Amino acid sequence: EQRLARAKYILYLCVGIALLLFVVVSYFACGIYFSITQNIYALVSAAHAFAKGDFNQRVQLNTHDELRQISKSFNEMADGFVSLLATRNEDDAKLRAIFNSSLDAMVQINSAGKITGWNNQAVTIFGWSTEEAMGQKLDEMIVPHRYRQEHLDGMQRFLDTGEGAVMNLRFEISALHKSGREFPIEMYINPLKLAEKYEFIAFIHDISARKHSEEKLQLANMVYQHSIEGIFLTDANNRIIAANPAFTEITGYSLAEIEGKNPRLFKSGLHNQEFYQAMWQEINEKGHWQGEVWDRRKNGEIHAKFLS
């Protein structure tokens with residue numbers, strides 16, 4: 001009986017120790033499990049928040065295992081990404097500043113012909129705000145109706161063949177203002193291959209003022225060429241550089257005969273030196289002179305003329 005009682009005691013003792021060890025192991029196992037689960041949840045939550053745009057999200061784990069190394073790597077990755085993003089945003093800001101400060105209108109469209117870029121000068125030239133222009137079809141915004149089909153055909157031809165009659169060339173054409181009026185522009189179109197699609201950027205300059213000046217010069221030249229009064233021009237050294245047809249008819253000299261020569265070639269000898277000195281003094285002081293002068297034609301004939 002004593003041996004049996006002792007055996008039972010040892011059995012109960014062993015069972016008790018085993019149960020105690022089981023409880024202890026279970027306690028630590030549960031603690032480790034919950035600790036790992038919480039740390040993993042913290043990592044997952046931080047990753048989800050970062051992916052949604054919270055770039056200030058970081059992970060701080062009070063462990064000394066592999067999860068801590070993972071959190072450290074996550075934080076380093078996040079810091080690097082934020083740094084790259086800041087650099088890219090700075091570069092984008094510089095490009096936008098250059099884009100918007102250009103003296104030429106800069107208009108960008110995609111392969112569907114929709115506007116994807118519209119700088120400040122484009123607003124000034126065409127009258128459409130950036131908000132109004134973005135996403136709209138270019139041909140419906142600034143291309144006069146008579147050119148629209150030609151514009152669409154040219155774009156499609158380039159997309160199909162990679163060749164365009166006006167690509168990478170500077171040319172003049174009429175454009176359409178928001179008000180409906182047409183005005184002349186000078187344009188340069190550059191195709192850009194981005195991934196598998198094309199974008200097109202056009203550099204546009206309003207040449208209304210230049211065209212107006214050219215028209216005035218053409219009109220002045222018509223007056224010059226068709227005037228019944230003889231006109232000749234000299235440079236700063238008083239050398240003849242141009243003469244109109246009426247001058248040739250009056251004097252008998254063609255431009256080829258007198259170009260580069262001094263107008264004293266026409267002197268008749270009837271005026272003294274004081275006459276010419278007084279004439280040039282008035283020209284230098286007042287910027288003009290007019291009066292009657294006796295000159296000599298090519299054939300030697302002396303004739304009177306009113307000169308200014």
Side-chain angles (χ1 to χ4, degrees), residues 102-105 121 125 144 146-147 150 164-175 177 181-190 202-308:
S102 171
L103 296 178
D104 285 340
Q121 192 62 17
I125 289 178
R146 65 184 181 278
Y147 297 136
E150 183 180 354
V166 296
M167 294 298 173
N168 298 313
L169 294 175
R170 194 174 297 276
F171 62 96
E172 295 180 7
I173 196 170
S174 293
H177 190 268
R181 67 176 175 86
E182 291 189 19
F183 63 100
I185 61 171
E186 186 178 72
M187 178 184 292
Y188 179 90
I189 303 175
N190 185 27
F203 302 85
I204 303 169
H205 186 66
D206 183 355
I207 57 173
S208 299
R210 191 180 81 191
K211 285 295 184 182
H212 182 64
S213 297
E214 289 175 355
E215 290 172 0
K216 290 176 67 176
L217 286 174
Q218 289 174 358
L219 179 60
N221 185 58
M222 288 180 61
V223 172
Y224 172 76
Q225 293 293 339
H226 295 89
S227 173
I228 61 174
E229 295 181 338
I231 302 172
F232 71 91
L233 306 177
T234 67
D235 60 17
N237 296 317
N238 206 26
R239 300 293 180 182
I240 298 172
I241 58 175
N244 71 341
F247 179 84
T248 298
E249 184 176 348
I250 292 171
T251 66
Y253 287 102
S254 68
L255 176 60
E257 293 174 308
I258 60 174
E259 187 172 11
K261 296 182 179 180
N262 193 291
R264 68 170 62 97
L265 171 71
F266 312 124
K267 290 174 63 173
S268 64
L270 299 182
H271 300 288
N272 57 27
Q273 190 64 27
E274 287 75 16
F275 173 84
Y276 292 107
Q277 288 176 349
M279 179 183 74
W280 279 105
Q281 182 177 353
E282 187 169 336
I283 291 174
N284 292 327
E285 291 177 355
K286 298 182 179 181
H288 62 85
W289 179 89
Q290 62 181 12
E292 187 176 288
V293 177
W294 288 85
D295 272 347
R296 189 184 302 275
R297 291 190 174 96
K298 180 181 178 181
N299 62 8
E301 179 185 352
I302 296 175
H303 66 108
K305 61 185 179 184
F306 188 80
L307 182 67
S308 54

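Heavy-atom basis, side chains included; hydrogens, waters and symmetry copies ignored. In this text the structure is predicted, and so the values were computed from the model without any measurement.
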Side chain to side chain, [X] and [Y], heavy atoms closer than 4.5 Å:
| X | Y | result |
| --- | --- | --- |
| Lys267 | Tyr276 | yes |
| Ile258 | Phe247 | yes |
| Ile207 | Glu172 | yes |
| Asp295 | His303 | yes |
| Trp289 | Leu307 | yes |
| Arg239 | Thr234 | no |

Spatial distance of atom [atom1] ([X]) from atom [atom2] ([Y]) [nearest 0.5 Å]:
| X | Y | atom1 | atom2 | answer |
| --- | --- | --- | --- | --- |
| Arg296 | Leu265 | CZ | CG | 10.5 Å |
| Ile125 | Ile204 | CD1 | CD1 | 7.0 Å |
| Ser254 | Lys298 | OG | NZ | 6.0 Å |
| Leu233 | Ile241 | CG | CD1 | 5.5 Å |
| Lys211 | Asp206 | NZ | CG | 12.0 Å |
| Ile240 | Lys261 | CD1 | NZ | 9.0 Å |

Kindly give the heavy-atom pair with the smallest separation between [X] and [Y], and that separation in Å.
| X | Y | value |
| --- | --- | --- |
| Phe171 | Leu169 | CD2-O, 3.5 Å |
| Gln121 | Ala105 | CG-N, 3.5 Å |
| Ala175 | Ile185 | CB-CD1, 3.6 Å |
| Gly252 | Glu257 | O-OE1, 3.9 Å |

Please check this pair: side chain of [X] against backbone of [Y], looking for a donor-acceptor N/O pair closer than 3.5 Å.
| X | Y | answer |
| --- | --- | --- |
| Ser268 | Trp294 | yes |
| Asn221 | Leu217 | no |
| Asn244 | Ile231 | yes |
| Asp235 | Asn237 | yes |

Under the salt bridge (charged side-chain N to carboxylate O under 4.0 Å, His left out) criterion, do Glu214 and Arg210 qualify, and how do the steps go? CA-CA 6 Å; Glu214 289 175 355; Arg210 191 180 81 191; 3.6 Å; yes

Parallel, tilted or perpendicular: which describes the rings of Phe203 and Tyr188, with under 30° parallel and over 60° perpendicular? tilted

Is it the case that atom [atom1] in [X] sees more than 12 heavy atoms from other parts of the structure closer than 6.0 Å?
| X | atom1 | value |
| --- | --- | --- |
| His271 | NE2 | yes |
| Gln277 | CD | yes |
| Leu219 | CG | yes |
| Glu150 | CD | no |
| Arg181 | CZ | yes |
| Glu229 | CD | no |

